[in-house]
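The structure under discussion appears below in the form of structure tokens.
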Amino acid sequence: MRVSQFFLSTHRETPAEAEVVSHRLMLRAGLIRSLARGIYTWMPLGLRVLRKVEAVVREEMNAAGAIELVMPAVQPAELWQESGRWEEYGPELLRFKDRHQRDFCFGPTHEEVVSDIVRQEVKSYRQLPLNLYQIQTKFRDEIRPRFGVMRAREFVMKDAYSFHADPASLDETYRAMIQCYSRIFTRLGLKFRAVAADTGAIGGTGSHEFHVLADSGEDAIAFCPDSDYAANVELAEALAPAGPRGKAGAALARVHTPGVRTIAELSAFLKIAPERTVKAVVLDGADGRPVLLMVRGDHEANLTKAAKLEQVKKPVAFAAVDTLRSLFGAGPGSLGPVGFKGVVIADRAVAVMSDFVAGANQDDHHYTGVNIGRDFPEPVVADVRNVVAGDASPDGKGRLEILRGIEVGHVFQLRTKYSRALDLSFLDEAGKSRVMEMGCYGIGVTRIVAAAIEQNHDARGIIFPRAMAPFELALVPIGAGKNAAVRTAAETLHRDLSAAGIDVLFDDRDERPGVAFADMELIGIPHRLVVGERGLKAGEVEYQGRRDARARNLPLPDAVKYVKSMVCEN
RNA sequence: CGGGGUGUAGCGCAGCCUGGUAGCGCACUGCGUUCGGGACGCAGGUGUCGGAGGUUCAAAUCCUCUCACCCCGACCA
């Protein structure tokens with residue numbers, strides 16, 4: 001490919017709108033252009049990257065026995081009403097009407113459609129198991145799209161759905177998909193981690209997420225360096241502290257704490273450690289009355305865990321502030337369990353505390369010397385906090401560490417959640433009708449590109465892993481406009497490299513060298529060959545890898561072979 | 001949804017406070033010189049100043065409404 005015939009659109013200046021590095025680089029390099037909030041055009045250069053990611057995903061999915069199809073992006077409301085998700089899915093589901101006033105949505109996922117296909121086509125155990133997948137544009141009307149294509153509303157996803165006669169078969173495919181995903185992310189050259197995950201809105205039983213490790217990741221993942229334990233912090237269990245609850249030593253005392261709202265302020269005001277305080281979070285309860293959740297001051301409440309408690313209303317929501325006033329007689333920042341008549345849920349770490357500090361349910365006041373049992377009734381004890389680094393690993397094999405990650409893949413054992421709702425049945429060997437087991441497996445194809453850049457860049461720009469680079473090699477002639485020998489050598493190399501199967505971008509613009517180098521580095525091409533008058537006189541060209549500190553000279557006749565070996569090497 | 005911010009040329013920005021009819025850098029076009037790390041000179045084109053309404057002799061500038069985009073928060077309780 002010649003740059004003169006390619007729609008390269010790099011920018012020297014960083015667009016003001018972008019915050020994270022991958023978004024900035026994607027805009028500067030001309031991979032994407034924003035059309036509306038969370039909606040992007042994939043420019044020719046970006047599309048090449050996307051296609052390469054897709055190719056790896058497709059190859060591995062096919063190799064794992066999945067079968068590709070493409071389902072409609074626009075889906076009728078009836079199917080979603082049948083599964084119950086027309087109501088359940090909420091405002092993330094983009095809905096609209098056709099000219100006949102019939103309701104439709106733009107598919108955020110395809111359980112309904114794929115199930116409709118399978119229930120019509122599959123009647124016998126002989127047709128199972130079946131694993132169908134597609135690579136397709138999805139739309140989710142996110143609350144807050146951000147970070148470019150990392151959390152876009154419109155994005156490309158690989159979604160696969162498997163159907164089984166029994167749980168053992170589901171389990172087999174589920175494991176195969178985990179292996180398949182590991183191969184995909186390995187081939188794409190990403191540092192990643194598979195972790196146990198919460199099943200979230202999709203529902204079902206077992207679930208694993210695949211995270212690309214990056215400090216800018218939106219998710220926190222907990223892992224144990226001494227074992228293979230790894231889980232999303234949303235899920236990772238915080239074990240109960242080893243010791244028993246301390247004895248009550250101090251008397252309950254009401255303290256005036258003017259202006260104190262946060263734990264940090266409270267801790268500073270009273271000159272005590274945050275772990276001696278308790279923070280209160282009030283959620284809507286299942287019975288309509290609010291529920292008070294207590295976590296230690298230095299801990300964070302985990303609403304994913306809280307949402308699983310029977311006392312808590314689903315979906316989990318904070319109680320309205322005016323409810324707090326009428327119920328507690330105080331606003332946020334001064335709430336506590338003493339005197340509260342409703343359900344109190346204490347985190348396991350709180351359950352062993354004594355003589356602690358909590359809100360007094362009076363504005364600008366806290367209690368010190370609070371003790372469970374003495375000052376308020378024994379609460380429900382549950383794991384409702386996020387684990388922190390240093391916590392004991394739930395598998396008992398060491399201490400947890402926390403890393404940040406970008407979720408790029410997610411696999412679920414759906415079991416029969418959708419197959420029951422959508423009546424997916426088949427006849428088994430005995431001629432008996434049974435409900436199919438289901439699994440689903442997603443990969444954020446567009447998100448992978450952003451995640452890869454987040455993980456692989458430097459001050460000059462993107463450093464694409466080989467498997468997803470838009471081109472393998474940049475061929476840069478210097479002074480081709482005035483030097484026929486350079487021109488001829490570059491043209492010959494371009495032809496020979498292409499013939500050797502190398503995906504080469506030939507910078508035939510006759511720009512100044514600095515411009516060409518800067519562009520090729522910005523767009524992240526892994527290898528570069530420079531043809532200049534100086535080297536050519538000595539019969540040499542220069543090779544430099546994108547991560548190399550300096551170039552090395554090669555005899556011109558060896559160039560193609562050398563490049564070939566470098567391209568295949570990493 | 002709550003809070004904050006920004007909308008002026010393709011991109012990055014100044015001008016707004018104190019109203020007088022729009023500017024800088026990059027990019028772009030032409031010519032010339034340059035040519036191994038984002039060149040230089042000369043000449044040029046480019047704007048409904050996000051939109052609507054209002055105040056005024058006069059609005060990018062003041063007022064009202066509105067739209068778009070960005071950031072933070074939604075774990076303050």
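Below, read A as the first sequence line, B as the second, and so on, with proteins coming before strands; counting in each chain starts at 1. What you see is a predicted model, and the numbers here were worked out from it, not measured in a lab. Just the heavy atoms: all of them, side chains too, but no hydrogens, waters or symmetry mates, feed the values below.
Nucleotide B/G23 forms a Watson-Crick or G-U wobble pair with B/C13, both donor-acceptor distances falling under 3.5 Å. Using N1 to N3 plus N6-O4 or O6-N4 for Watson-Crick, or N1-O2 and O6-N3 for G-U wobble, each under 3.5 Å, B/C62 pairs with B/G54. Both distances falling under 3.5 Å, in either a Watson-Crick or a G-U wobble arrangement, place B/A68 opposite B/U6. The pairing partner recorded for B/A43 is B/U29, the criterion being a Watson-Crick or G-U wobble arrangement whose two distances lie under 3.5 angstrom.
In this view, A/Val255 and A/Thr257, A/Leu270, A/Thr368 satisfy the side-chain contact (heavy atoms from CB on, under 4.5 Å) rule, not counting sequence neighbours. With sequence neighbours left out, A/Ser216 forms a side-chain hydrogen bond (donor to acceptor under 3.5 Å, both in side chains) with A/Glu454.
Residue A/Gly535 is in base contact, counting any heavy-atom pair closer than 4.0 Å across all strands shown. Residue A/Leu292 is out of contact with every strand shown, counting any heavy-atom pair closer than 4.0 Å. When heavy atoms are screened at a 4.0 angstrom cut-off, A/Arg528 is found touching base atoms of the nucleic acid. Residue A/Glu542 is in base contact, counting any heavy-atom pair closer than 4.0 Å across all strands shown. A/Gly479 comes within 4.0 angstrom of no nucleic acid atom, judged by non-hydrogen atoms across all strands. Heavy atoms of A/Val515 sit under 4.0 angstrom from at least one base atom. As judged by a 4.0 angstrom heavy-atom cut-off over every strand, A/Glu265 is placed among residues making no nucleic acid contact. Within the nucleic acid shown, A/Leu293 has no heavy atom closer than 4.0 Å to any nucleic acid atom. Here A/Arg28 lies in heavy-atom contact (under 4.0 Å) with a base. The residue A/Asn302 sits close to a base: some heavy atom pair falls under 4.0 Å. Looking at heavy-atom distances under 4.0 Å, A/Ala516 makes no contact with the nucleic acid at all.
Distance, A/Phe147 CZ to B/C72 C1': 10 Å, rounded to whole Å. Regarding A/Asp284, its CG atom lies at a distance of 17 Å from the P atom of B/A74, rounded to whole Å. Rounded to whole angstrom, the span from the CZ atom of A/Arg144 across to the C1' atom of B/C69 amounts to 13 Å. With rounding to whole Å, A/Arg509 atom CZ is found 10 Å from B/C28 atom P. At whole-Å resolution of the value, CZ in A/Arg37 and C1' in B/C67 are 13 Å apart.
The salt bridge (charged side-chain N to carboxylate O under 4.0 Å, His left out) contacts involving residues 455-464 of chain A comprise A/Asp458-A/Arg546, A/Arg460-A/Glu521, where partners must be two or more places apart or lie in separate chains.
For A/Val530, taking side-chain heavy atoms from C-beta onward, the closest of the listed nucleotides B/G36, B/G38, B/C70 is B/G36. Nearest to the side-chain atoms of A/Ile143 among the listed nucleotides B/G37, B/A74, B/G38 stands B/A74.
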Please list every donor-acceptor pair under 3.5 Å in which a side-chain atom of residues 469-481 of chain A meets a protein atom from a residue at least two apart or in another chain.
from	atom 1	to	atom 2	distance (Å)
A/Glu472	OE1	A/Asp503	N	2.8

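Checking A/Val278 against A/Leu35, the closest nucleotide of RNA chain B that is more toward the 5' end is the one next to A/Leu35. Across the interface with RNA chain B, nearest-nucleotide mapping of A/Leu335 and A/Asp519 shows A/Asp519 to be the residue nearer the 5′ end.
Comparing B/G45 with B/U64, their P atoms sit 39 Å apart, to the nearest whole Å. As rounded to the nearest Å, B/A39 and B/G23 have C1' atoms that lie 25 Å from one another. B/C62 and B/C57 have their C1' atoms separated by 16 Å, given to the nearest Å. Going from the P atom of B/G73 to that of B/U56 covers 45 Å, rounded to whole Å. On the P atoms, B/C24 is 28 Å away from B/C63, given to the nearest whole Å. Between B/U61 and B/C65, the distance separating the two P atoms is 16 Å to the nearest Å. Across B/A58 and B/G20, the matching C1' atoms stand 7 Å from one another, rounded to whole Å. For B/A43 and B/A68, the C1' atoms lie 38 Å apart once the distance is rounded to whole Å.
Counting only distance, with no hydrogens or angles, the side chain of A/Asn361 and the backbone of A/Gly336 share a donor-acceptor pair below 3.5 Å. Judged by distance alone, the side chain of A/Lys279 and the main-chain N or O of A/Thr262 form no donor-acceptor pair under 3.5 Å. Side-chain atoms of A/Asn302 come within 3.5 Å of backbone N or O of A/Glu234 as a donor-acceptor pair. A donor-acceptor pair under 3.5 Å links the side-chain atoms of A/His256 to the main chain of A/Asp364, judged by distance alone. Using a distance-only test at 3.5 Å, with no hydrogens or angles considered, no donor-acceptor pair links the side chain of A/Arg28 to the main chain of A/Gly461. A donor-acceptor contact shorter than 3.5 Å is absent between the side chain of A/Gln5 and the backbone of A/Arg2.
Other residues, nucleotides and ligands place no more than 12 heavy atoms under 6.0 Å from the CD atom of A/Glu310.
Taking side-chain N and O atoms only, A/Arg12 has no distance below 4.0 Å to OP1 or OP2 of B/G12. Residue A/Arg512 places none of its side-chain N or O atoms closer than 4.0 Å to OP1 or OP2 of B/G37.
Applying a 4.0 Å cut-off to non-hydrogen atoms, none of the residues of residues 551-563 of chain A approaches RNA chain B.
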Could you list, one pair per line, each protein nitrogen or oxygen that sits under 3.5 Å from a nitrogen or oxygen of nucleotides 3-11 of chain B, together with the distance?
from	atom 1	to	atom 2	distance (Å)
B/C11	O2	A/Glu13	OE1	3.3

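Not less than 6.0 angstrom separates the ring centroid of A/His23 from the ring centroid of A/Phe147.
Between the side chain of A/Glu533 and the base of B/G36 there is no donor-acceptor pair of N/O atoms closer than 3.5 Å. For B/G37, the base has no donor-acceptor partner in the side chain of A/Glu511 [N/O atoms by modelled type, under 3.5 angstrom].
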